[in-house]
Amino acid sequence: RRVLTYADLFSLTPAPAVRDPQREIQLHLTGNMRRYLWSFNGIPFPDAEPLSLKLNERVRITLVNDTMMNHPIHLHGMWSELETGAPTRIPLKHTVVVQPGSRISYLVTPPVAGPWAYHCHLLYHMTGMFRRVEVRA
């Protein structure tokens, strides 16, 4: 049996318009397994500044998992376009699972201004591994 990975995914329909990202954001998924403290870049949610995006800006987000756990990361209000090697057939996902000790990149283009949530979908990680995303016009 072969294990499927994100590299095996592709969209059945071509992407409508493929643009290069205007900038990149790298976030480290961090935590302490013994104390069950989780965060982005070592900063827990109460101390974190919001991530700032511009309306219709094309951004590459790279998540680096520095922990020994899977993290299903969910960005509200926009699609995560996985960079799987098929640039014209980019698969869209709402939640991206980042394996322990790995990294994954995806593209986002915020279609609506306003505040959005960005978090790990594991409830016991969410209190620290949470960020507010501000999309400005």
Side-chain angles (χ1 to χ4, degrees):
R1 293 189 174 170
R2 190 168 161 272
V3 176
L4 295 178
T5 67
Y6 281 159
D8 297 309
L9 293 179
F10 62 91
S11 174
L12 295 177
T13 58
V18 178
R19 291 189 292 150
D20 289 333
Q22 295 162 274
R23 67 184 175 114
E24 294 188 30
I25 297 171
Q26 181 172 289
L27 296 170
H28 285 260
L29 309 179
T30 52
N32 182 310
M33 296 280 292
R34 287 187 181 162
R35 297 175 56 206
Y36 267 71
L37 298 174
W38 307 100
S39 59
F40 287 109
N41 290 341
I43 303 168
F45 172 63
D47 302 327
E49 293 291 323
L51 292 176
S52 182
L53 302 176
K54 294 177 189 162
L55 187 65
N56 295 315
E57 171 187 34
R58 189 82 161 152
V59 179
R60 174 179 288 123
I61 297 176
T62 300
L63 299 175
V64 181
N65 188 348
D66 294 332
T67 76
M68 298 302 292
M69 294 189 74
N70 290 336
H71 295 287
I73 303 297
H74 182 192
L75 176 57
H76 290 243
M78 60 204 83
W79 287 102
S80 298
E81 302 173 39
L82 288 179
E83 295 189 289
T84 61
T88 61
R89 301 278 183 166
I90 293 175
L92 305 178
K93 292 193 57 68
H94 277 293
T95 302
V96 176
V97 178
V98 189
Q99 302 294 329
S102 71
R103 70 176 41 227
I104 192 164
S105 293
Y106 55 92
L107 301 166
V108 297
T109 307
V112 178
W116 298 99
Y118 190 43
H119 60 88
C120 181
H121 243 283
L122 297 176
L123 187 58
Y124 53 94
H125 293 185
M126 199 181 304
T127 56
M129 198 175 277
F130 185 98
R131 283 285 168 95
R132 182 180 169 108
V133 174
E134 292 287 342
V135 177
R136 302 183 195 291

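Values below: every heavy atom of this structure, side chains too, minus hydrogens, waters and symmetry copies.
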Return yes when atom NZ of Lys93 has more than 12 non-hydrogen atoms of other residues, nucleotides or ligands closer than 6.0 Å, and no otherwise.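 Counting other residues, nucleotides and ligands, NZ of Lys93 exceeds 12 neighbours.
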Tell me whether Asp20 at atom CG has more than 12 heavy atoms from other residues, nucleotides or ligands lying less than 6.0 Å away.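 Open.
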Between [X] and [Y], is any pair of side-chain heavy atoms under 4.5 Å apart?
X	Y	answer
Val97	Tyr6	yes
Ile61	Leu51	no
Pro14	Arg89	yes

Shared hydrophobic cluster, [X] / [Y] (ILVMFWY, side-chain heavy atoms < 4.5 Å):
X	Y	result
Ile90	Leu75	no
Leu27	Val64	no
Val98	Leu9	yes
Leu53	Leu55	yes
Tyr124	Met68	no

Distance (rounded to the nearest 0.5 Å) between [X] [atom1] and [Y] [atom2]:
X	Y	atom1	atom2	answer
Lys54	Gln22	NZ	CD	7.5 Å
Arg19	Asn56	CZ	CG	7.0 Å
Ile73	Leu63	CD1	CG	6.0 Å

Salt bridge (Lys or Arg N to Asp or Glu O under 4.0 Å) pairs, two or more places apart, involving residues 104-125: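 Found none.
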Could you list all the salt bridge (Lys or Arg N to Asp or Glu O under 4.0 Å) pairs where at least one residue sits in residues 95-112, not counting sequence neighbours?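 Not a single pair qualifies under salt bridge (Lys or Arg N to Asp or Glu O under 4.0 Å).
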Please give me the minimum heavy-atom distance between Asn70 and Pro100, naming the atom from each residue.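 Result for this residue pair: OD1-CD, 2.9 Å.
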With sequence neighbours left out, write down each residue that passes side-chain hydrogen bond (donor to acceptor under 3.5 Å, both in side chains) with [X], or none if nothing qualifies.
X	result
Asp66	His28
Glu57	Arg23
Thr84	none
Gln99	none

Quick one: do His125 and Met69 satisfy side-chain contact (heavy atoms from CB on, under 4.5 Å)? Show the steps, please. CA-CA 10 Å; His125 293 185; Met69 294 189 74; 3.6 Å; yes
With ILVMFWY side chains joined below 4.5 Å, transitively, what does [X]'s cluster contain besides itself?
X	result
Trp79	Leu92
Leu12	Phe10
Leu4	none

Test item: Asp8 side-chain N/O and Thr5 main-chain N/O as donor-acceptor pair under 3.5 Å: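 Confirmed, Asp8 side chain pairs with Thr5 backbone.
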Listing, residues 129-137 side-chain donor-acceptor contacts under 3.5 Å, not counting sequence neighbours, or none:
unit_1: Arg131; atom_1: NH2; unit_2: Phe40; atom_2: O; d: 3.2
unit_1: Arg132; atom_1: NE; unit_2: Glu134; atom_2: OE2; d: 2.4
unit_1: Arg132; atom_1: NH2; unit_2: Glu134; atom_2: OE2; d: 2.8

Throw together a table of side-chain donor-acceptor distances under 3.5 angstrom for residues 105-122, partners on residues two or more places apart or in other chains.
unit_1: Ser105; atom_1: OG; unit_2: Thr62; atom_2: OG1; d: 2.8
unit_1: Tyr106; atom_1: OH; unit_2: Tyr118; atom_2: OH; d: 2.5
unit_1: Thr109; atom_1: OG1; unit_2: Arg58; atom_2: NH1; d: 2.9
unit_1: Trp116; atom_1: NE1; unit_2: Val112; atom_2: O; d: 3.3
unit_1: His119; atom_1: NE2; unit_2: His76; atom_2: NE2; d: 3.0
unit_1: His121; atom_1: NE2; unit_2: His74; atom_2: ND1; d: 2.9

Without placing hydrogens or testing angles, list every side-chain donor-acceptor pair under 3.5 Å for residues 30-37, not counting sequence neighbours.
unit_1: Thr30; atom_1: OG1; unit_2: Ser39; atom_2: O; d: 3.1
unit_1: Thr30; atom_1: OG1; unit_2: Ser39; atom_2: OG; d: 2.6
unit_1: Thr30; atom_1: OG1; unit_2: Gly42; atom_2: N; d: 2.8
unit_1: Asn32; atom_1: OD1; unit_2: Arg34; atom_2: N; d: 3.0
unit_1: Asn32; atom_1: OD1; unit_2: Arg35; atom_2: N; d: 2.9

